[in-house]
Amino acid sequence: MTTGELSNPATGGQSLPDSLRATLAGHYYTDPAIFRAEQDEIFHKTWFCAVLAADLDKPGAFETVRIGRESVIVTRAGDDSVRAYLNVCRHRGARLCTEEKGQVRRSFQCPYHAWTYGLDGRLVAAPNLSSMPDVDKAGYGLHTVHVREWLGYVWLSLAEEPPSFTDTVIGDVTTRLGSPDAIVGYDVENLKLGRRISYDVEANWKQIVENFMECYHCATIHPELTEVLPEFADGLAAQYFVGHGAEFGEDVRGFTVDGSEGLARIPGVAQEQDRRYYAITVRPSVFVNLVPDHVVFHRMFPLTPGRTLVVCDWLYLPEVVDSGADIDRSVELFHRVNVQDFDACERCQLAMDSRSYEKGGVLVPSEHHIGEFHDWVRDRVG
């Protein structure tokens with residue numbers, strides 16, 4: 001073994017020079033047992049970004065979301081608060097809501113035996129319940145899920161005792177931007193949805209996280225992005241540096257597919273943040289992209305070891321959306337980036353069961369920070 005090289009168990013004892021670090025082994029992306037462990041130890045125990053709060057626009061509005069193995073109803077109650085419940089009737093376990101979204105008046109009723117629950121989750125009625133005086137309705141309400149609203153989104157935790165939201169979710173933002181206040185000026189919670197695109201990606205969720213964290217691939221597959229952000233052509237992603245935002249090219253006027261003028265700048269964006277792009281990964285399943293005139297917000301929903309739903313929202317000042325301004329060039333840039341990235345992730349996923357990748361691959365220096373994400377996964381699932 002030469003100076004500067006090391007033996008890494010993840011590569012079967014293969015010696016690696018200092019420039020390279022080992023990745024996760026291929027079976028981490030395909031093994032159903034590992035995916036189940038991720039559901040149990042990651043998705044069921046962390047904070048999970050579920051719903052855009054503005055989509056729950058009045059009492060009785062609801063959405064159902066998949067978190068790990070659980071289906072969750074997220075709704076707005078009569079007091080205008082957001083509530084969340086496991087989507088399971090307490091009687092015989094029937095799924096209460098099969099629709100992705102909808103509107104009820106005052107309650108959710110099980111279509112099997114008509115057990116009925118208020119927007120506050122309490123059992124309010126059931127056939128022949130009056131003939132069972134020993135049954136305390138208070139003990140048979142829907143199982144509640146912990147709720148937190150932040151950045152205009154509803155975050156859920158299935159854990160009985162959720163981890164600190166400040167230490168985990170806000171902590172990831174702080175680690176990336178260097179300060180928890182660096183995102184405040186973008187006023188994300190008061191922006192308005194301009195466009196939403198959902199992507200059904202045939203790749204493991206970790207492939208997508210890893211792709212988002214690095215830019216070693218940018219010069220190869222992102223010609224439009226590197227025109228707007230020339231430094232990305234050098235292979236160092238914005239996330240490689242704490243607090244750094246990639247600067248727009250000298251002749252670029254806006255974060256658009258052709259570098260043309262963008263839209264109205266968000267007033268709270270600081271001068272030093274103007275003409276810069278910031279990318280943030282909030283583990284396990286959120287990507288936030290900040291530019292002066294809009295925010296691009298990705299939510300991931302892992303469905304199987306090899307399939308992930310990614311919901312991407314483009315958020316603008318309310319007056320921009322309400323005026324009917326043309327946002328197509330703005331949306332098109334990151335839509336192309338998404339399509340290019342997800343194609344690359346699917347290309348990698350195809351090889352994860354190959355004997356060539358049985359012990360994994362390697363990370364070059366501009367990707368070394370991905371190793372911290374791999375450690376985070378290993379710490380939770382082994």
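This structure is a prediction, so every number in the text was calculated from the model and none was measured.
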Are the side chains of [Y] and [X] in contact, using a 4.5 Å heavy-atom criterion?
X      : Y      : value
Ser157 : Phe165 : no
Lys45  : Pro163 : no
Leu56  : Glu63  : yes
Pro292 : Ile266 : no
Pro162 : Trp47  : yes
Ile221 : Asp341 : yes
Arg106 : Leu119 : no
Trp376 : Val209 : no

Quick test of your reading of the model: are [X] and [Y] salt-bridged, counting only N-O distances below 4.0 Å?
X      : Y      : answer
Asp120 : Arg83  : no
Arg195 : Asp328 : yes
Glu202 : Arg307 : no
Asp313 : Arg299 : yes
Arg21  : Asp375 : no

Checklist entry - Among Val295, Val331, Leu193, Leu191, which residue meets the side-chain contact (heavy atoms from CB on, under 4.5 Å) test with Trp314? => result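 Among the candidates, only Val331 passes.
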Next on the checklist: Applying ring pair (Phe, Tyr, Trp, His ring centres under 6.0 Å), can you list everything that pairs with Tyr28, at least two apart in sequence or on another chain?
Outcome noted: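 Partners of Tyr28 under the ring pair (Phe, Tyr, Trp, His ring centres under 6.0 Å) test: none.
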Next on the checklist: List the residues meeting ring pair (Phe, Tyr, Trp, His ring centres under 6.0 Å) with Phe334, not counting sequence neighbours, and say none if there are none.
Outcome noted: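 Phe334 satisfies ring pair (Phe, Tyr, Trp, His ring centres under 6.0 Å) with His298 once adjacent residues are dropped.
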Given 3.5 Å as the limit, does a donor-acceptor pair link the side chain of [X] with the main chain of [Y], or not?
X      : Y      : value
Glu210 : Gln207 : no
Arg265 : Val269 : yes
Thr166 : Ile170 : no
Arg66  : Gly68  : yes
Asp172 : Arg283 : yes
Arg176 : Ala279 : yes
Asn211 : Cys345 : no
Asp293 : Leu263 : yes
His369 : Met213 : yes
Thr116 : Ala114 : yes

Checklist entry - How about Cys218 and Cys215, are their SG atoms within less than 2.5 Å of each other? => result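 The sulfur gammas are closer than 2.5 Å, so yes.
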Any side-chain donor-acceptor pair under 3.5 Å between [X] and [Y]?
X      : Y      : answer
Glu189 : Trp150 : no
Tyr199 : Thr308 : no
His44  : Glu41  : no

For the rings on [X] and [Y], is their centre-to-centre separation under 6.0 Å?
X      : Y      : answer
Tyr186 : His294 : no
Phe248 : Tyr277 : no
Phe108 : Trp115 : no
Trp155 : Phe48  : no

[atom1] of [X]: more than 12 outside heavy atoms within 6.0 angstrom?
X      : atom1 : answer
Glu272 : CD    : yes
Arg69  : CZ    : yes
Asp322 : CG    : yes

Checklist entry - With a cut-off of under 6.0 Å to the ring centre and 45° to the axis, is Lys206 in cation-pi contact with Tyr29? => result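 Yes; both conditions hold, so Lys206 lies above the ring face of Tyr29.
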